[in-house]
Amino acid sequence: LEVLEGIYLQLAPERLWIPSDSDSIGQACACMGLRSTRPADPGQLNYIQVEASDQTAALLGNLLVFYDRLAEQVSDDDQVLLQSAIASRRAGDIRQRLGQMKLAEAEYRKAVEKFDALRNVTSADSRVCVELARVHNEIGNVQAAQLDPDAAYRAHRDALSVLRSMARTDQPREEHRYELARTYYFLSSRY
């Protein structure tokens, strides 16, 4: 899992956090200009953004097969199932970056199914809910790009619903607050 995770992060990094000269205790998020409350960690790996290509998408698709096989073999291991769901979301991210909206949506829908299954497990943690909300937001972005504002609105509302249900049971973490801010941003800027 660590090797697969390392390969995925090199080819399809998560949101990029860049150091901010004006904020000595946090970092600026390159994707929305939000600030992190966590201090900069000089030992943390900073992944460079790889140019999205059809070859990268194909390679990530092949890696997704390995995640899915692992998930099938150890179907009782929540961490493997979580990594498989995240891998599906990342495959959708790459497809979206390539402008392959139908394929991106299909990958995101697979991720939703996997996260929903994990969410029904009693040991599911808050990360599952945040990731599920993130996928719903990405589906909304894909729908908006395909000029379907009603479907996009429903997807962002689904994200909000997931985040609100989590807020009732857990103490919100930075990731939860961040995804909630993104969700409100999408809902307020498009509708």
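Remember, predicted model here, so these are calculated numbers, not experimental data.
For the atom pair CD of Gln96 and CD of Glu105, the computed distance is 10.5 Å after rounding to the nearest 0.5 Å. Taken from OH in Tyr184 to CG in Leu163, the straight-line distance is 8.5 Å, to the nearest 0.5 Å. If you take CG on Leu180 and CG on Leu160, they are separated by 6.5 Å, rounding to the nearest 0.5 Å. Here the CD atom belonging to Glu175 is positioned 7.5 Å from the OG atom belonging to Ser126, to the nearest 0.5 angstrom.
Side-chain contact between Asp148 and Asp150: present, with at least one pair of heavy atoms (C-beta onward) separated by less than 4.5 Å. Looking at heavy atoms from C-beta onward, Arg127 lies in side-chain contact with Ile86 at the 4.5 angstrom threshold. Within the 4.5 Å cutoff, the side chain of Val130 has no heavy atoms near those of the Val162 side chain. Counting heavy atoms from C-beta outward, Arg89 and Lys114 have side chains that stay 4.5 Å or more apart.
Side chain of Tyr108 to main chain of Leu103: no donor-acceptor pair is present (N/O by atom type, distance under 3.5 Å, no hydrogens or angles).
Evaluated for a side-chain contact (heavy atoms from CB on, under 4.5 Å) with Phe115, the options His136, Lys110, Glu131 yield exactly one hit, Glu131. Just one residue in the list His176, Arg177, Arg182 forms a side chain to side chain donor-acceptor pair (under 3.5 Å) with Glu179, and that residue is Arg182.
Side-chain N/O atoms of Arg164 and Thr183 include no donor and acceptor closer than 3.5 Å. Checked by atom type, the side-chain pair Gln143/Tyr153 shows no donor-acceptor distance below 3.5 Å.
In terms of heavy-atom proximity, Ala159 sits nearest to Ala133 at CB-O, 3.4 Å. The two residues Ala152 and Gly140 make their nearest non-hydrogen contact at CB-O, 3.2 Å.
Residues satisfying the ring pair (Phe, Tyr, Trp, His ring centres under 6.0 Å) test with His156, not counting sequence neighbours, are Phe186. Gln100 pairs by the side chain to side chain donor-acceptor pair (under 3.5 Å) definition with Asp54, Arg95, not counting sequence neighbours. The side chain to side chain donor-acceptor pair (under 3.5 Å) test applied to Asn141 returns Glu138, Arg190, not counting sequence neighbours.
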